[in-house]
2 protein chains.
Amino acid sequence: MSFAKLDAHCHSLSALEHALAILGVDEATVMAPGGGSDRAEAMAALSGMLHRQATDPKLEDWIAEAKEESLDTEQRIAVAEFERSHRNLTCLPAEFIERKMRTGMHSEQLWRKARQTGDWTAFRPALEGVVALMREEAQMRSEALGLKPYDALMEQFDPGNREADITPVFAKLKAFLVDFLPMALEAQERRRAARPVKPLSGNYSVERQKALGLAMMEAVGFDLNHGSLSISDHPFCGGVPSDVRMTTRYRTDEFLPALMGILHETGHGLYEQNLPKAWAHWPSGKARGMSLHESQSLFVEKQIGRNPAFWHHALPHVAEHLDEDWSIDDLLPHVHEIKRGKIRVDADEVTYPLHVILRYELEQDLLSGALEVRDLPEAWDAKMTASLGISTLDDPKNGPMQDVHWPAGAFGYFPSYTLGALMAAQQWAAISATNPAVNDEIAAGDFASVNAWRRDNIWQRGSMGTTPEILHEATGEPLNPAHFIAHLKARYGE
Amino acid sequence: MSFAKLDAHCHSLSALEHALAILGVDEATVMAPGGGSDRAEAMAALSGMLHRQATDPKLEDWIAEAKEESLDTEQRIAVAEFERSHRNLTCLPAEFIERKMRTGMHSEQLWRKARQTGDWTAFRPALEGVVALMREEAQMRSEALGLKPYDALMEQFDPGNREADITPVFAKLKAFLVDFLPMALEAQERRRAARPVKPLSGNYSVERQKALGLAMMEAVGFDLNHGSLSISDHPFCGGVPSDVRMTTRYRTDEFLPALMGILHETGHGLYEQNLPKAWAHWPSGKARGMSLHESQSLFVEKQIGRNPAFWHHALPHVAEHLDEDWSIDDLLPHVHEIKRGKIRVDADEVTYPLHVILRYELEQDLLSGALEVRDLPEAWDAKMTASLGISTLDDPKNGPMQDVHWPAGAFGYFPSYTLGALMAAQQWAAISATNPAVNDEIAAGDFASVNAWRRDNIWQRGSMGTTPEILHEATGEPLNPAHFIAHLKARYGE
């Protein structure tokens, strides 16, 4: 039976994915410094095995045969999702994949070097090479999948997300934010004039911060029997669903950066821990995509973690672990701080979408040919000035050279961040609508009903629908920016 | 070119071995408790891939072709060792391997359960099944390799080791030890009567013991850029040569158990770290076998770590890290303590070989049919009584049920332990003969010449010779128990 063959095949792929996931975490957290080059070689070889197995030509026959077999609904969905993922993996010729890997590595290395001094002229030819390649890739994916070129790129990260749905949503959001940002900044200034911000600094050992972090992880539902928290230079959530490896980094003079980072990664971790176990080795049992994943991390970080109700519950833990006695009014100005800035990764929830929409618009133009790399600094600057009121023309390092995505050849990825924020707000709105007491529950440290909704409507769905399907079924409507806008108004308006 | 094909193949096998090694270490040191069953499944699948790749039928052609190619000496050795290892891997039919795995797992599970209460009757049928299987396996390996049955089993663990060479050596050693042990125990008693033993106990935090352990690891040559020390229930040395993962366990009331364990594992680690890097992915670049590996760990633990000269160097470190002010005379009675006992793993360097030789003699008889499992408790007891003066007849839990080796189907492995002790003493004698100042160097914390000899004569040889060849070339003579006997006389005699 070909379904059984596919099932065994998925177990084999899963074992290699498991190894790569744990080796990656080990590299970032435990590996001896001198172990790097052997590790790189081993992981490259295992990735090669994984790719060869995942693209084995016999799979096409097995898929075709399995579709004729008598299967139940979940099995049919599993085969369909396997086919989708297989088509995305195999739609580029090997020659192109090699060329892309070479170009991408070269350009990323050049970017790391040129960014240090903001040397746009040195970096430009590399980015031009990547853009040429991405146009080629988008065209090939478009033909293979029957999607528009940009949609075909997004399909790798968020199946079902379409330019035609996202563009009007982003346009509406941008129009709102450009007006809202100056008002929100003024409101913040007035609040700060009325009540000066108290600094939340002190001396907090890593051990105490970690204990606080673990307490908050457990509070919001993370299962420490199936995961752990350690330290790495760049915080991430890795590992496997049965053993989710979260990391953070600590500074001993402030506790909020690590704690908010932990809450963000906990959101990713909850999603992974609660995926449907019976399908864990099939694509349909894995997390849906980048934007839904980001919606889960932002749900915990922003919808829960920056919600005043949450701090009613959290402050006593902070007091216990850090021996500090702050009021909620001391804390909120910090977790709700907003400001204009050039850098996406430093942005807050009000300004972040403007950074993302700028990249969304520019990468579409770069792909279509409406924009050439040589004109990128001016185009970037014009959009930054219009939306955030900041010029980056004389500072390319903090302009179009700030992100690794484009030099690494990831086009169609940026929208995931803001789609995640929108979907998190939409999920929160759906929960609030069915459970008006949700803030009281959270203030009491009770996350059971919030997590039950998310488990049923998001986590347990795995990849058994497209991103828009899962969102629509969960919330009763398609992507709707009104919820995020209402959220920002309530939190950052007058 | 088939040599190049084999080279690429070895890289691929190495990547899977790398993954399995790191996943194994991760499981013992970092993995979340609930991650175990997924980890077991992933590792089983990866082991299956490794076995299928390692036994791929096309390899026979590649080996045959490579032997006809124009190769340099190291390449020729590499192909020959690949062939040897491949023949050992493929000489059993798949049907037998499956049967052995099933029987072995069942018998090991039964052993774990029955050992708790020492229920020999419950355990006996399982061991009978294993013995029947081992007779069959020894016969098949014997025919495939052209070796005597017991030699064919040892060949997996220590290529080149032969019953005909070992039996007279063990007989001589046993004869010596049976006489020597009572004398050594009396000598110890007289010393203790003259100078009462001072207990070395206190309260030593894990952090301080770890710092002391790391200092001693580095002192004897361990490269912390290519390895690390962590904690696990059962101390081991794992990982890969570029990133050797050592573990230990600590008790806070005593420091010697952890430190001696660390020195033992450091011996394994030094061997792994100093194997020939250019051949790391070929069998010829890997550690030779169990007995030579054990000779390296026992070299550091016994020849260095229990050598009074070492403690001249080590005691100031102990004083610094543990804040204790012991003299070398306080310390030596502890590191040189000997006593009769039933348990192999608790034995000291004088009694340990008697435990091993007993098992060596019994497993030969079990294999040949001269002994049946039903008669094992009596046979064990007779030998224990004759060599160690202890009866185990009413205590099978601490008699023939104490080790995992037989229930797990590892016959031919036990001699490695004592061969390691003999070879360590023989290596030490060879070093002392060429460098009479070796004890002064060690007392001064200078391990350079000792390690240079070991690097040239053992570590860098990898598997480019059989175990007896490497020993002979390193020390100028075949296995000779006189060195170990002289060592014991000097350390434990009058």
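Naming convention: chains lettered A, B, ... in sequence-line order (proteins, then strands); numbering from 1 in each chain.
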#### Entry: Per-residue contacts, residues 221-242 of chain A versus chain B, heavy atoms under 4.5 Å
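Against chain B, the residues of residues 221-242 of chain A that fall inside the cut-off (heavy atoms, under 4.5 Å) are A:Leu224, A:Asn225, A:His226, A:Gly227, A:Ser242.
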Answer with side chain, backbone, both or neither: which region of [X] has an atom nearer than 4.5 Å to a non-hydrogen atom of chain A?
{"X": "B:Ser12", "result": "both"}
{"X": "B:Met49", "result": "side chain"}
{"X": "B:Gln273", "result": "neither"}

### Query
Hey, which residues of residues 28-40 of chain B are touching chain A, say heavy atoms under 4.5 Å apart?
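The residues closer than 4.5 Å to chain A, in numerical order, are B:Val30, B:Met31, B:Ala32, B:Pro33, B:Gly34, B:Gly35, B:Asp38, B:Arg39.
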### Query
B:His9 vs B:Trp62 aromatic rings, parallel, tilted or perpendicular, using cut-offs 30° and 60°?
perpendicular
Taking only Lys NZ, Arg NE, NH1 and NH2, and the carboxylate oxygens of Asp or Glu, determine whether [X] and [Y] approach each other closer than 4.0 Å.
{"X": "A:Arg245", "Y": "A:Asp26", "result": "no"}
{"X": "A:Asp61", "Y": "A:Lys5", "result": "no"}
{"X": "B:Lys286", "Y": "B:Glu17", "result": "yes"}

#### Entry: Heavy-atom side-chain proximity of A:Met216 to A:His317 below 4.5 angstrom
yes
### Summary
Rounded to the nearest 0.5 angstrom, the OG1-CD distance for A:Thr90 and A:Glu60 is 6.0 Å
### Task
First locate atom CZ of A:Phe82, then atom CG of A:Leu13, and finally report the distance between them rounded to the nearest 0.5 Å.
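Answer for the CZ-CG pair, A:Phe82 versus A:Leu13, is 6.0 Å.
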